[in-house]
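Right, one structure below, let's go through it.
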Amino acid sequence: MSNNMENILRKEEFDFKDIVALLQAEGEDQKLLFAKAQEVQLKYVGKKVYYRGLVEFSNVCEKNCFYCGIRKDNKKVDRYNLNDEEVLEAARYAHVNKYASLVLQSGERSDVHFINRVDKLLKKIKEITHGELGITISLGEQSDETYAQWFQSGAHRYLLRIETTNEVLYKQIHPNNDIHDFENRLRCLKAIKKIGYQAGTGVMVGLPWQTFEDLARDLLFMKEMDIDMCGMGPYIEHHETPLFGNKDILWPRQTRFSVTLNMIAVLRILMKNINIAAATALQAIDPMGREKALRVGANVIMPNITPSSHRKDYQLYENKPCIDEGADDCGDCLSLRIEMAGREVGLGEWGDSKHFLKRKK
Ligand code: 5AD
Ligand code: SF4
Ligand code: FES
């Protein structure tokens with residue numbers, strides 16, 4: 001097998017079958033894949049790892065994704081909404097600690113009140129940080145107008161995971177209605193890119209019924225869409241969700257973890273200069289999960305800077321790390337972890353996707 005792996009890794013371009021084989025790599029083969037990904041990473045994006053301070057500002061969500069712990073119908077969740085001052089405080093924290101970038105994330109809402117509130121927050125954050133803090137938003141599916149409005153107000157990167165590019169699987173993990181429509185999600189991703197955001201997407205790895213072929217197609221989709229950033233994490237079942245009923249057909253957690261690393265490594269080789277995040281969900285399976293990702297291609301990490309009092313209420317999956325920690329704990333902890341992974345923190349730099357900068361030239 002190793003011989004075959006070496007042959008594949010030597011190619012300039014992978015075909016579909018190559019990618020499927022790479023995603024299945026284990027043992028010695030996996031080591032070869034990781035070594036190649038690491039080589040590409042160091043050559044094209046270097047040793048630096050960029051921080052994005054993550055603020056989960058509200059867990060109110062109008063959607064009902066079958067996999068997610070804060071879905072609308074989960075009545076066991078205490079819903080919260082940080083006030084403006086709490087969000088601005090988190091932004092100041094990121095700025096003072098030279099995180100250089102912020103990610104605003106929340107459950108999905110598309111009412112006018114929400115849209116205007118986000119707009120106001122974006123402008124205010126830009127103002128109090130003298131335009132120095134980069135802002136990424138991860139606020140789901142919106143109209144083209146809303147995306148454009150938020151872009152005007154200061155957000156310059158957008159994360160919207162496609163979750164899976166297999167439409168049949170997409171339907172299996174979402175309710176079948178207008179607000180959970182695969183075509184609309186595609187429309188959104190295209191709009192985000194067209195408006196001028198650095199566009200990020202990603203998938204969950206190890207969903208029930210998902211195959212290696214699906215995952216290979218997910219990577220080819222990212223290449224085809226010419227995305228700038230990616231975040232991929234293992235799917236982790238949550239008791240209070242409909243998909244929990246399918247837990248018996250899941251790959252073992254370690255397999256989901258290992259295949260997620262393979263996805264990151266292969267993506268790094270396929271798209272050499274994009275930004276790839278070491279997803280927090282990796283650490284829900286392996287205590288060193290994020291460090292491992294940094295060694296095989298990931299170059300962005302998102303320290304949680306949500307006020308501690310609300311962290312426990314933002315559990316999209318179970319076993320989420322950092323629930324009891326504060327912003328300082330996570331910052332210190334991560335800088336140590338990054339060092340252990342043989343990487344450097346790129347403090348005070350926006351760390352924009354090199355791919356995006358090149359695309360814009
Ligand atoms: N396991 C792993 N990831 C999840 N997400 C939502 N629920 C889960 C889960 N149970 C991911 C989705 C979403 C992102 C914000 O979190 O990919 O886009
Ligand atoms: Fe809401 Fe996002 Fe969870 Fe879906 S994944 S239920 S949109 S928070
Ligand atoms: Fe939060 Fe380590 S990153 S405690």
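Start at 1 and go down the list; that is how both ligands and their atoms are numbered.
Note on ring orientation: taking the six-membered ring where Trp is involved, the planes of Trp150 and Tyr158 are parallel (angle under 30°, cut-offs 30° and 60°). Using cut-offs of 30° and 60° on the angle between ring planes, the pair His310 and Tyr80 is parallel. Ring pair Tyr147/Tyr197 is perpendicular by interplanar angle, where above 60° counts as perpendicular and below 30° as parallel.
With a heavy-atom cut-off of 4.0 Å, Cys61 touches ligand 2 through its side chain alone. For Pro234, every heavy-atom contact with ligand 1 shorter than 4.0 Å involves the backbone, none the side chain.
Using modelled atom types and a 3.5 Å distance limit, the side chains of Arg268 and Asn273 yield no donor-acceptor pair. Residues Asn299 and Asn275 bring a donor and an acceptor atom of their side chains to less than 3.5 Å of each other. The closest side-chain donor-acceptor pair between Gln41 and Arg343 falls under 3.5 angstrom.
The shortest contact between atom 12 (C) of ligand 1 and any protein heavy atom is with Glu163 OE1, 3.3 Å. Nearest protein heavy-atom contact of atom 10 (N) of ligand 1 is Ile236 O, 2.8 Å. Of the protein's non-hydrogen atoms, Leu316 CD2, 3.6 Å is the one closest to atom 15 (C) of ligand 1.
For the pair Arg187 and Asp181, the salt-bridge criterion is not met [side-chain N within less than 4.0 Å of a carboxylate O]. Using a 4.0 Å cut-off between charged side-chain N and carboxylate O, Lys124 and Glu85 make no salt bridge. Using a 4.0 Å cut-off between charged side-chain N and carboxylate O, Lys247 and Glu237 make no salt bridge.
Proximity to Cys333 (heavy-atom distance under 4.0 Å) selects the following atoms of ligand 3: 2 (Fe), 3 (S), 4 (S). Ligand 3 places these atoms under 4.0 Å from at least one heavy atom of Cys330: 1 (Fe), 3 (S), 4 (S). The distance from ligand 1 to the heavy atoms of Cys68 drops below 4.0 Å at these ligand atoms: 7 (N). Close contacts between ligand 3 and Glu325 involve ligand atoms 4 (S) [criterion: under 4.0 Å to a heavy atom]. Heavy-atom contacts of Cys322 reach the following atoms of ligand 3: 1 (Fe), 3 (S), 4 (S) (cutoff under 4.0 Å). Ligand-side atoms of ligand 2 in range of Cys65: 4 (Fe), 5 (S), 6 (S), 7 (S), range being under 4.0 angstrom from any heavy atom.
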Show, in sequence, the C-alpha distance, side-chain angles and deciding distance for Glu167 and Arg185, and conclude whether the salt bridge (charged side-chain N to carboxylate O under 4.0 Å, His left out) test is met. CA-CA 11 Å; Glu167 270 193 75; Arg185 209 155 179 95; over 6 Å; no
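With Leu267 as reference, Ile276 is the one residue of Ile19, Asn262, Asp218, Ile276 to meet the side-chain contact (heavy atoms from CB on, under 4.5 Å) rule. Considering Gln24, Glu26, Lys292, Gln30 as possible partners of Ser258, the one that fulfils the side-chain hydrogen bond (donor to acceptor under 3.5 Å, both in side chains) test is Gln30.
Distances shorter than 4.0 angstrom occur between a heavy atom of Ile70 and an atom of ligand 2. Using 4.0 Å as the threshold, Leu334 has a heavy atom nearer than that to some atom of ligand 3. At least one heavy atom of Met204 sits under 4.0 Å from some atom of ligand 1. Heavy atoms of Gly202 come nearer than 4.0 angstrom to ligand 1 in no pair at all. Within the 4.0 Å heavy-atom cutoff, Arg290 counts among the residues contacting ligand 3.
Residue Glu237 has no nitrogen or oxygen atom sitting less than 3.5 Å from a nitrogen or oxygen atom of ligand 1, judged on distance alone. In terms of polar-atom proximity, Arg161 is counted as a contact of ligand 1, with an N or O under 3.5 Å from an N or O of the ligand. For ligand 1, none of its N or O atoms has an N or O atom of Ala281 under 3.5 Å away. When only interatomic distances are considered, the shortest N/O to N/O separation between Tyr67 and ligand 1 falls below 3.5 Å.
Checked against the 6.0 Å centroid criterion, the rings of Trp251 and Phe212 qualify as a close aromatic pair.
Counting only heavy atoms, the protein never gets under 4.0 Å from atom 2 (Fe) of ligand 2.
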